[in-house]
Student: 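Okay, handing you the structure first.
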Amino acid sequence: MRIDIVTLFPAMFAGPFDESIVARASKAGIVEIHIHNLRDWTSDRHRTVDDKPFGGGAGMVLKAEPLFKAIEALKESSGVPLDATPSATPSAAPSEQVVLLTPQGERLEQKIVAELAQQERLILVCGHYEGVDERFREHGVDREISIGDYVLSGGELPAAVLVDAIVRLLPGALGSAESALDESHTDGLLEYPHYTRPAEFRGWRVPDVLLSGHHGEVERWRRQQALDRTKRRRPDLLEKAAATITGDSPENSEG
Ligand code: 9D3
């Protein structure tokens with residue numbers, strides 16, 4: 001997968017992609033991430049990316065022109081090296097989506113992450129200031145995503161969150177131990193409590209069942225703990241799981 005990120009603050013991406021799973025996946029050629037400065041697609045002397053809102057009001061709005069120029073240029077770069085041997089049957093255009101990170105987008109959840117992980121190319125556009133010109137949102141963007149109902153100063157951290165969530169789903173990105181662990185945790189429940197040595201720390205003991213060596217009992221205890229914990233902390237997750245089972249989930253609605 002190739003991911004292009006368009007931002008006014010490229011330096012914000014220096015850290016997150018140089019560590020852990022994303023860094024490993026980049027080195028292994030599983031993902032190719034390119035960061036671009038939106039100012040590179042301006043043509044005036046001051047490299048202007050924003051302007052005052054029509055109709056008045058506080059804040060600035062990202063101009064449509066640099067945003068369109070950016071995504072058009074990135075779409076044109078096919079991802080195929082310029083010196084590639086021409087083939088008799090030109091391959092189909094890679095599937096790609098332009099995603100705008102914005103507080104007005106649909107709230108990110110694992111299902112959306114999984115959908116985006118199917119694309120061959122993603123172009124992520126980080127909003128900033130009061131937002132982007134509506135004509136870019138309407139005619140230049142395939143999908144709008146928020147990472148939750150809290151106010152951040154821009155779309156950069158949300159873009160980094162999205163990339164992290166996507167990359168770990170790409171084939172080969174996780175080690176075999178990590179993927180096995182991951183599969184057992186896709187039942188929609190919160191995790192059971194984890195302990196490691198010592199068996200007693202400052203007088204706090206590890207539950208006896210975990211030291212018992214009875215694998216069946218350990219499994220039963222963990223399942224019960226996961227259920228109790230989910231019921232108490234995240235009843236919404238249980239309702240969602242129940243709705244999926246009864247066929248009463250939003251994916252089956254006509255809306
Ligand atoms: C305080 C300004 N707000 C006025 C109602 C609007 C606003 C505009 C731009 C609020 C935040 C931002 C910058 N945030 C993002 O671009 C953003 C974001 C977020 O703030 N929270 C969760 N997900 C995202 S994705 C992009």
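Counting starts at 1 for both ligands and their atoms, following the listed order.
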Student: Specify the protein heavy atom at minimum distance from atom 24 (C) of ligand 1: its residue, its atom name, and the distance to 0.1 Å.
Tutor: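 The closest heavy atom on the protein side is Pro158 CG, 3.6 Å.
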
Student: So is Ser153 polar-close to ligand 1, meaning N/O to N/O under 3.5 Å?
Tutor: no

Student: Strictly distance-based, threshold 3.5 Å: is any side-chain N or O of Asp133 a donor or acceptor partner for the main-chain N or O of Lys63?
Tutor: no

Student: Between Arg39 (side chain) and Arg47 (backbone), is there a donor-acceptor pair under 3.5 Å?
Tutor: yes

Student: Taking 4.0 angstrom as the limit and counting only heavy atoms of Thr102, give me the atoms of ligand 1 inside it, by number and element.
Tutor: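 With Thr102 as reference, the close atoms of ligand 1 come out as 25 (S), 26 (C).
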
Student: Would you confirm whether any non-hydrogen atom of the protein falls under 4.0 Å from atom 12 (C) of ligand 1?
Tutor: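 When distances to the protein are checked, atom 12 (C) of ligand 1 has a heavy atom within 4.0 Å.
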
Student: Starting from atom 21 (N) of ligand 1, locate the nearest protein heavy atom and write down its residue, its atom name and how far away it is, to 0.1 Å.
Tutor: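 Here the closest protein heavy atom is Tyr150 O, 2.8 Å.
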
Student: If we ignore hydrogens and angles and just use 3.5 Å, is the side chain of Thr102 paired with the main-chain N or O of Gln104 as donor and acceptor?
Tutor: yes

Student: Find all atoms of ligand 1 within a distance of less than 4.0 Å from any non-hydrogen atom belonging to Glu130, and give their numbers and elements.
Tutor: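 That gives atoms 2 (C), 3 (N), 4 (C), 6 (C) of ligand 1.
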
Student: Might you point out which heavy atoms bring Thr48 and Pro66 nearest each other, and give the distance in Å?
Tutor: O-CG, 4.1 Å

Student: What protein heavy atom sits nearest atom 1 (C) of ligand 1, and how far away is it?
Tutor: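 Minimum-distance protein heavy atom for atom 1 (C) of ligand 1 reads Val151 CG1, 4.2 Å.
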
Student: When you measure from the heavy atoms of Ile145 to every atom of ligand 1, does any distance fall below 4.0 Å?
Tutor: yes

Student: Any chance you could lay out the side-chain contact (heavy atoms from CB on, under 4.5 Å) test for Phe13 and Glu156, step after step, and finish with the verdict?
Tutor: CA-CA 8 Å; Phe13 295 93; Glu156 283 75 16; 3.6 Å; yes

Student: Which option wins on minimum heavy-atom distance to atom 22 (C) of ligand 1: Gly148, Pro103, Ala58?
Tutor: Gly148

Student: To check your reading of the model: name the closest protein heavy atom to atom 20 (O) of ligand 1, its residue, and the distance in Å.
Tutor: Leu152 N, 2.9 Å

Student: Please work out whether the ring planes of Trp221 and Tyr195 are parallel, tilted or perpendicular, with thresholds of 30° and 60°.
Tutor: tilted

Student: Looking at Val98, Ile166, Asp142, which one forms a side chain to side chain contact (heavy atoms under 4.5 Å, CB included) with Leu122?
Tutor: Ile166

Student: Within a radius of less than 6.0 Å around CD of Glu200, do more than 12 heavy atoms belonging to other residues, nucleotides or ligands occur?
Tutor: yes

Student: I need the nearest protein heavy-atom contact for atom 8 (C) of ligand 1: residue, atom name and distance, please.
Tutor: Tyr129 O, 3.5 Å

Student: At a non-hydrogen distance cut-off of under 4.0 Å, which region of Ser146 contacts ligand 1 (side chain, backbone, both, or neither)?
Tutor: both

Student: Can you report which non-hydrogen protein atom sits closest to atom 23 (N) of ligand 1, along with the distance?
Tutor: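 Answer for atom 23 (N) of ligand 1: Ile147 N, 3.0 Å.
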
